[in-house]
Number of protein chains: 2
Amino acid sequence: MSDDQSPEPQIFETLQPADLASRVADQVLRAIGDGRLRPGEKVADARLARELGTSRAPVREGLRLLESQGLIVSHPRRGFFVHAYDADELKEVYDLRECLELHAAEAAVARMTKADCARLEAQVQKLYDLADEGQTQEQVVQDFAFHRMLCELGGNSRILRLFDQIAAELRAGIALVGQLYDDPEEIARSHDPLIKALRARDPARLRAELHEHLQDAQIHVVQLFRTGAFDLTNLDKLSDDQRNRLLR
Amino acid sequence: MSDDQSPEPQIFETLQPADLASRVADQVLRAIGDGRLRPGEKVADARLARELGTSRAPVREGLRLLESQGLIVSHPRRGFFVHAYDADELKEVYDLRECLELHAAEAAVARMTKADCARLEAQVQKLYDLADEGQTQEQVVQDFAFHRMLCELGGNSRILRLFDQIAAELRAGIALVGQLYDDPEEIARSHDPLIKALRARDPARLRAELHEHLQDAQIHVVQLFRTGAFDLTNLDKLSDDQRNRLLR
DNA sequence: TTTGCGTCGATTGTCGACAGTTGAATTAAA
DNA sequence: TTTAATTCAACTGTCGACAATCGACGCAAA
């Protein structure tokens with residue numbers, strides 16, 4: 001029994017023999033994330049296969065991967081579609097996100113090192129800098145990154161994965177309206193109470209502050225959504241060429 | 001604009017034009033749930049297709065559906081496998097479950113009606129009855145059902161769906177060792193504090209009690225797992241009747 | 001006995017094909 | 001002008017096929 005020796009250090013990373021299916025999923029994810037594919041839009045596997053230069057089988061498998069994540073919906077005999085939220089659903093997703101993030105953050109307080117805390121502070125500083133520079137689009141990205149760090153420090157990889165999934169879903173809508181936030185500096189500032197609670201290593205306080213922080217975001221976004229900024233489902237309100245770009 | 005009248009009552013359920021892929025996913029899910037497919041076991045799509053009498057395409061699509069839920073793992077060029085937990089991962093899943101359930105339960109306290117509360121109490125009574133009758137297997141099922149009711153009353157369908165997914169994952173291991181619990185009545189009894197907190201409609205108290213309740217379960221299960229009761233990959237180590245009870 | 005190298009059957013990833021549907025355009029009827 | 005049939009191209013779900021790959025086996029060399 002000489003096989004539980006030292007866990008020999010890895011020299012090379014295991015290289016990823018990525019199959020087409022997951023690469024397709026990746027592409028579609030990206031397309032949804034940056035708005036090339038809009039909520040509710042049809043994703044014809046045949047067409048996608050043509051564009052990607054593959055056969056339909058791996059495309060369909062890739063879409064199935066996204067389907068059980070909720071990003072893609074399939075109506076049998078009708079095809080695949082980018083999932084389109086209504087306001088209630090959006091609220092549920094935000095609620096879920098909050099649930100996960102509060103839990104992770106609480107754990108993070110207990111686990112993080114001084115260095116971790118400093119990284120979080122630096123990230124918030126970045127939000128201020130981007131606000132100064134007027135880079136609102138990038139600020140949204142870095143805002144997400146801050147919250148992702150929190151989840152990561154929580155130490156539950158499963159929760160982190162879910163957060164990433166949700167982030168991808170929300171990005172589909174949010175990134176598009178990055179410029180709709182009126183006051184980027186206010187965004188940055190709203191992270192200060194979180195930092196304070198983190199510094200104090202006070203889980204209950206962090207929980208409370210984060211709850212408020214996320215609640216604000218949810219209300220803001222859901223409200224925007226309700227005003228129709230997001231509502232891509234009733235296309236009649238759009239101009240013709242807008243509609244045409246949306247549907248195929 | 002006469003089209004937002006009363007939301008005409010549905011008479012027939014929309015019948016499901018189930019495609020093969022999702023039916024395959026269903027079958028595999030069930031097979032994992034009741035132990036016909038064991039953690040770590042290979043799921044060859046060709047073989048599965050042969051058994052189900054279909055071609056490989058829908059089988060592979062179905063497996064992809066389960067893959068992003070974490071139930072199935074695919075190693076490119078090597079095939080699909082039923083995901084096998086190690087103890088750490090199991091702990092993460094339990095942690096996630098707790099996170100979701102605490103959140104849902106808190107919301108449930110605020111939303112539930114008297115009747116809902118009564119249903120929950122009845123469900124716990126069922127646990128007592130099953131303990132008396134020695135129906136430990138069924139007790140595990142009804143135990144899950146109780147916790148699912150909580151999640152359902154929370155009102156977030158997204159969270160409920162996640163709970164169901166996790167339940168399916170855990171059932172793969174847990175249901176099998178139902179009879180390994182030493183004291184079924186103790187199981188039933190452990191739900192009493194929850195009922196009390198629910199009756200009192202005290203979210204904080206419910207949260208605390210539920211936390212403890214789930215923590216106990218987690219510790220119990222993870223411990224069992226560590227002793228090897230779950231490690232179905234090396235069944236050889238178990239006695240014959242243990243094995244038989246496990247694999248039905 | 002261990003280590004390394006072909007061989008070979010089984011399995012995987014991907015492809016192209018085909019029948020059955022769908023939804024949009026088109027035509028005919030009211 | 002509205003409503004109902006008809007037509008048709010495009011797409012979907014599923015299938016069988018094929019080359020590439022894997023891993024188990026056996027055999028030879030150390």
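So that the names make sense, note that chain A is the first sequence line, chain B the second, and so on, each numbered from 1.
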Exercise for the section: Please determine if a side-chain N or O atom of B:Arg50 lies less than 4.0 Å away from the OP1 or OP2 oxygen of C:dT11. Expected result: yes
Exercise for the section: Just do the salt bridge (Lys or Arg N to Asp or Glu O under 4.0 Å) check on A:Arg161 and B:Glu92 with the steps written out, would you? Expected result: CA-CA 12 Å; A:Arg161 216 183 64 192; B:Glu92 286 198 346; over 6 Å; no
Handout entry: B:Arg47 atom CZ, neighbour heavy-atom count above 12 within 6.0 Å
Key = no
Practice task
Using only side-chain N and O atoms of A:Ser55, determine if any of them is under 4.0 Å from OP1 or OP2 of C:dT14.
Solution key: no
Practice task
Assign B:Arg60 to base, sugar-phosphate, or nothing according to its heavy-atom contacts below 4.0 angstrom with the strands shown.
Solution key: base
Handout entry: With B:Ile32, the side chain to side chain contact (heavy atoms under 4.5 Å, CB included) member among B:Val28, B:Asp34, B:Leu29
Key = B:Val28
Exercise for the section: Could you tell me whether the phosphate oxygens of C:dT11, OP1 or OP2, come under 4.0 Å of any side-chain nitrogen or oxygen in B:Arg47? Expected result: no
Fill in the blank from the handout: Quick note, B:Ala57 side chain, CB onward, closest among D:dC15, D:dC11, D:dT21 is D:dC15
Completion exercise
Taken to the nearest whole Å, CZ/B:Arg77 to C1'/C:dT11 is 11 Å
Problem - Atom-to-atom span, CG of A:Asp45 to P of D:dA10 - whole angstrom - result: 15 Å
Exercise for the section: To the nearest Å, give me how far apart CZ (A:Arg23) and C1' (C:dG13) are. Expected result: 12 Å
Practice task
Inspect the contact between B:Arg30 and B:Asp26 and indicate whether a charged nitrogen and a carboxylate oxygen are less than 4.0 angstrom apart.
Solution key: yes
Exercise for the section: For A:Arg56, report the nucleic acid contact type (base, sugar-phosphate, nothing); a contact means any heavy atom under 4.0 Å. Expected result: base
